[in-house]
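Worksheet: the structure to be examined is printed underneath.
What you see below is based on every heavy atom in this structure, not just the backbone, and it leaves out hydrogens, waters and symmetry mates.
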Amino acid sequence: MDAMMVDILILLNLTVGRRENMDVVFDCEVYPNCFLLNAKNTQTGLTKHFEISQFRDDSPLLHAFVNALIMNKARMVGFNSLGFDYPILHMIRQMGRATPKQIYDKAMAMLNVPDSQKWLHMVRQSDREVPQIDLFKIHHFDNKARMTSLKALEFNMRLKNISDLPFPPGTVLTKEQIEVLRAYCWNDVEATEEFYKHTLPQIEFREQMARQITGDVMNYSDVKLGKAIFQYHLERSGVECYTYGPDGRIPKQTPREYMRLAECVPKYVQFNTPEFERIRQLYLSTVITQTKGAFDGISAKVGGLDFVFGTGGIHASVENERFDSGYCPNRMTDMMILDIDVTGMYPAFAIENGLYPEHLGPKFVEVYRKLREQRAQFKKGSVENAALKLAMNGVYGASGDKFSIFYDPLFTMKVTVGGQLVIAMLAEQLLEISGLRIIQANTDGITMYLPKSAKIIADMICWKWEMITRLSLEQAEYKTMCIADVNSYIAQTVDGKVKRKGRYEYDVEWHQNASALVVPKIAEKVLLEGADALGTLTCWPDKADFYSRVKVPRSSMLVFEQPETPFSDKSEVPLENTQRFYASVGGGYLFKYMPPLAKKPDEWRRIGVMSGQTVCPCNNLDHAVLPIDYHWYLKEIEKLTLGVL
């Protein structure tokens, strides 16, 4: 065995009794005269790097590496690797030996192709030599609303080092610069591996689903996986989801030239309140040609609240108010806060009203009902429960997707309009209780403030509503609820559980910006525990909660302005486009330089970040040396607390 193959076998750590799926994290960097691929075995921690440049050609070793992966049924794990890294590696494999320029030209062709033609560079699952796991795909970061870079994830994962591309794309690199680039590539590999660890539960879940469902299941997002599960059960029940012809497989659909919303109003919905009845009559007389913007500006003022009707559901809320029940020792009251939610609102509404996309027929409802019954048999948190929840929740959104087998916009409207009206009907009936106030209403429920003595009446109203709608309600009783606005509130149940929304959230999702989490965390303690804000702030143990993140596109520039001192003039230092920082005593100021607008083509826009506040940049945490400016954070906490204390 030659030294090259020994090197590869060491990387793979081929041992008896190893895990069936061996995962190797990898990342590529491409410049006009240099291609790098760095890889790390997630089980052993062993690493290997490959270079194709004017200074070195690791092509034979790279091919041997891929052959060893194939031989040992390993998987490659990357971040946006299906969209960039793997197609490049696949091209190198096909060519046998590619020059840096050929690799660079391929990379530029991929990056510059219009979105509508990106599929031209994709490598089909059946053509991939090594199975691929793309974390970017699994987390649905390819959706514009969820688009997230690896640098943003490095911030959210609180890694010690956040590193941006060290040289502008297109730079012809020196030998020394290639070494710097290799270090940057290793940083990306380490970050990808860390995110891989966070993603392992989703990967294991997809491994189980891949035994049932065909397709590139390992790289499906949760939404796509849910739709695939539902489709699997539809087809097993005999429903044809596609037509087949000369143009290949085409999804069955029911497009609509127009939709009469009268078809969307359940016959059992009736109102006594003139404002709600006005909305019902409006729906009965309205015909629409598209769903987008169909309900803009539709609202009704009832019970002192504006109930806003929209394609996303119904919404109403008080603002800047605090509510306490008799469970609060410092605020004795005979009132209670009761939250009622429909169990699985959209699936349940479709099932109980016999709604289905026209081309899928009544069998759709049967499958929906069976999936709901199956899900109830599994514990919450189990793989089976999660799979069936995905299947049920993904269908409603897919009914408005013009590329989906579930597409029927009238079905979408029937669920949306009917769901809004039944919530409004429940709100109207509850408002008949003397002393009751509705705090909030949303797509699937209502939160109310009512006398404890009226609880039995509210229960009777809810029971009668359930009999009429055949929907089931779940109840939660809150001890305290603080509401800033319709999108931001915090509520604590009588058994101590806390529900957070909007600006009060700090358990954020990966695609969200986890900046200055100390603010909502301490605001919660102030509101629910009566904590002293400044005292809690200055003793806060986790310094990472003070960090914020800013990102500018490559067309812009981020600079750190160092103020004038007795020993130096004011100066601006360019920073990486993704920057971690915190409000500090001393330091400098952050500014974005954005491209000129058409009105002033020669004038770059200078925009302050955390305007007027000195900050300390710290992409490397060793640079976080300046004292924290607690007063800035205190002002931010007060914005969440003063109006609702």
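- The structure places CG of L517 at 11.0 Å from CD1 of I522, a figure rounded to the nearest 0.5 Å.
- Taking the six-membered ring for Trp and thresholds of 30 and 60 degrees, F195 and W510 have ring planes more than 60 degrees apart, a perpendicular arrangement.
- The shortest side-chain heavy-atom distance between T42 and V77 does not fall under the 4.5 Å cut-off.
- D85 is listed as a side-chain neighbour of D27, based on a closest heavy-atom distance under 4.5 Å.
- Among the candidates I628, L626, D629, the single residue satisfying the side chain to side chain contact (heavy atoms under 4.5 Å, CB included) test with C616 is L626.
- More than 12 heavy atoms of other shown residues, nucleotides or ligands fall within 6.0 angstrom of atom CG in D532.
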* Asked: After noting the C-alpha distance and the side-chain angles of E29 and R182, does the key distance pass the salt bridge (Lys or Arg N to Asp or Glu O under 4.0 Å) rule?
  -> CA-CA 8 Å; E29 301 299 335; R182 181 176 291 115; over 6 Å; no

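- To the nearest 0.5 Å, atom NZ of residue K501 and atom OH of residue Y489 are 5.5 Å apart.
- A search for side-chain hydrogen bond (donor to acceptor under 3.5 Å, both in side chains) contacts involving Q562 returns S571, not counting sequence neighbours.
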* Kindly determine whether L473 and T343 satisfy side-chain contact (heavy atoms from CB on, under 4.5 Å), including the steps that lead there. => CA-CA 6 Å; L473 293 169; T343 307; over 6 Å; no

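- Distance check: F26 CZ to K40 NZ gives 16.0 Å after rounding to the nearest 0.5 Å.
- Although no hydrogens or angles enter the test, the distance criterion places no donor-acceptor pair under 3.5 Å between the side chain of N219 and the main chain of K137.
- The two residues G83 and D134 come nearest to each other via the heavy atoms N-OD2, 4.2 Å.
- Electrostatic pairing of K151 and D188 counts as a salt bridge here, judged by a charged N lying under 4.0 Å from a carboxylate O.
- Here the two rings, on Y633 and W540, have centers that are 6.0 Å apart or farther.
- Between F167 and Y31, the angle of the ring planes goes over 60°, which puts this pair in the perpendicular group of the 30/60° scheme.
- When each of I138, L225, L135 is checked for a side chain to side chain contact (heavy atoms under 4.5 Å, CB included) with Q202, only I138 meets the rule.
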* How far apart are the C-alpha atoms of W632 and Y582, what are their side-chain angles, what is the distance that settles it, and do they pass the side-chain contact (heavy atoms from CB on, under 4.5 Å) test? -> CA-CA 10 Å; W632 184 87; Y582 62 93; over 6 Å; no

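- Of the possible polar contacts, none joining the T192 side chain to the F79 backbone as a donor-acceptor pair under 3.5 Å is found.
- With rounding to the nearest 0.5 Å, the separation of CD in E154 from CG in N187 is 5.0 Å.
- The cationic group of R606 lies under 6.0 Å from the six-membered ring centre of F591 and within 45° of the ring axis, placing it in a cation-pi geometry.
- Although no hydrogens or angles enter the test, the distance criterion places a donor-acceptor pair under 3.5 Å between the side chain of S515 and the main chain of R549.
- Contact check for M557 versus V552: no side-chain heavy atoms found under the 4.5 Å cut-off.
- Annotation for H631: atom NE2 does not count as buried by contact number, only 12 or fewer foreign heavy atoms lying within 6.0 Å.
- Counted by atom type alone, Y506 and E524 present one or more donor-acceptor pairs between their side chains at under 3.5 Å.
- Looking only at distances, no side-chain donor or acceptor of S317 sits under 3.5 Å from a matching main-chain atom of Q440.
- Ion pairing between D142 and K224 fails under the 4.0 Å rule for side-chain N and carboxylate O.
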* **Criterion salt bridge (Lys or Arg N to Asp or Glu O under 4.0 Å) on E509 and R146, from CA distance to verdict** => CA-CA 10 Å; E509 296 186 45; R146 297 173 59 91; 3.6 Å; yes

* Check the pair K635, E638 against salt bridge (Lys or Arg N to Asp or Glu O under 4.0 Å), reporting the backbone distance first and the verdict last. => CA-CA 5 Å; K635 287 187 289 185; E638 288 174 346; over 6 Å; no

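- Counting heavy atoms from C-beta on, the side chains of D216 and Q132 never come closer than 4.5 Å.
- Interatomic distance, K301 NZ to D306 CG, rounded to the nearest 0.5 Å: 4.0 Å.
- Atom CG of N161 and atom NE2 of H623 lie 9.0 Å apart (nearest 0.5 Å).
- Of all heavy-atom pairs spanning A39 and V24, the tightest one is CB-CG1, 3.8 Å.
- Counting heavy atoms of neighbouring residues, nucleotides and ligands inside a 6.0 Å radius, atom NZ of K543 exceeds 12 of them.
- The shortest heavy-atom contact between V644 and I483 is CG1-O, 3.2 Å.
- For Y504 (side chain) and L640 (main-chain N/O), a donor-acceptor pair under 3.5 Å exists by modelled atom type.
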* Y196 and T199: CA distance, side-chain angles, deciding distance, side-chain contact (heavy atoms from CB on, under 4.5 Å) verdict -> CA-CA 5 Å; Y196 161 81; T199 311; 5.6 Å; no

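- Looking at heavy atoms from C-beta onward, T447 lies in side-chain contact with Y478 at the 4.5 angstrom threshold.
- No donor-acceptor pair under 3.5 Å is formed between the side chain of E572 and the backbone N or O of V559.
- Contact between L537 and L634 at its shortest, heavy atoms only, is CD2-N, 3.8 Å.
- Annotation: side chain of D222 is not in contact with side chain of K389 (no heavy-atom distance under 4.5 Å).
- For E321 and Y449, the side-chain atoms include no donor-acceptor pair closer than 3.5 Å.
- Side-chain contact between R605 and P595: present, with at least one pair of heavy atoms (C-beta onward) separated by less than 4.5 Å.
- Under a 3.5 Å cut-off, the side chain of S584 and the backbone N or O of G586 do form a donor-acceptor pair.
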* To do: Report the C-alpha distance between R554 and L165 in whole Å, list the side-chain angles of each, state the deciding distance to 0.1 Å, and finish with yes or no for side-chain contact (heavy atoms from CB on, under 4.5 Å).
  => CA-CA 11 Å; R554 291 194 178 174; L165 200 62; 3.8 Å; yes

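- Counting only distance, with no hydrogens or angles, the side chain of Q475 and the backbone of L338 share no donor-acceptor pair below 3.5 Å.
- T416 and G310 get closest at one heavy-atom pair: CG2-O, 3.7 Å.
- Looking at every heavy atom in both residues, T412 comes nearest to G400 through OG1-N, 3.7 Å.
- Side chains of N620 and K160 form a contact here, defined as non-hydrogen atoms less than 4.5 Å apart.
- In the displayed structure, K525 atom NZ is contacted under 6.0 Å by at most 12 heavy atoms of other residues, nucleotides or ligands.
- The main-chain N or O of P553 is found under 3.5 Å from a side-chain atom of N577 such that the two form a donor-acceptor pair.
- Between the side chain of R580 and the backbone N or O of N619, at least one donor-acceptor pair lies under 3.5 Å.
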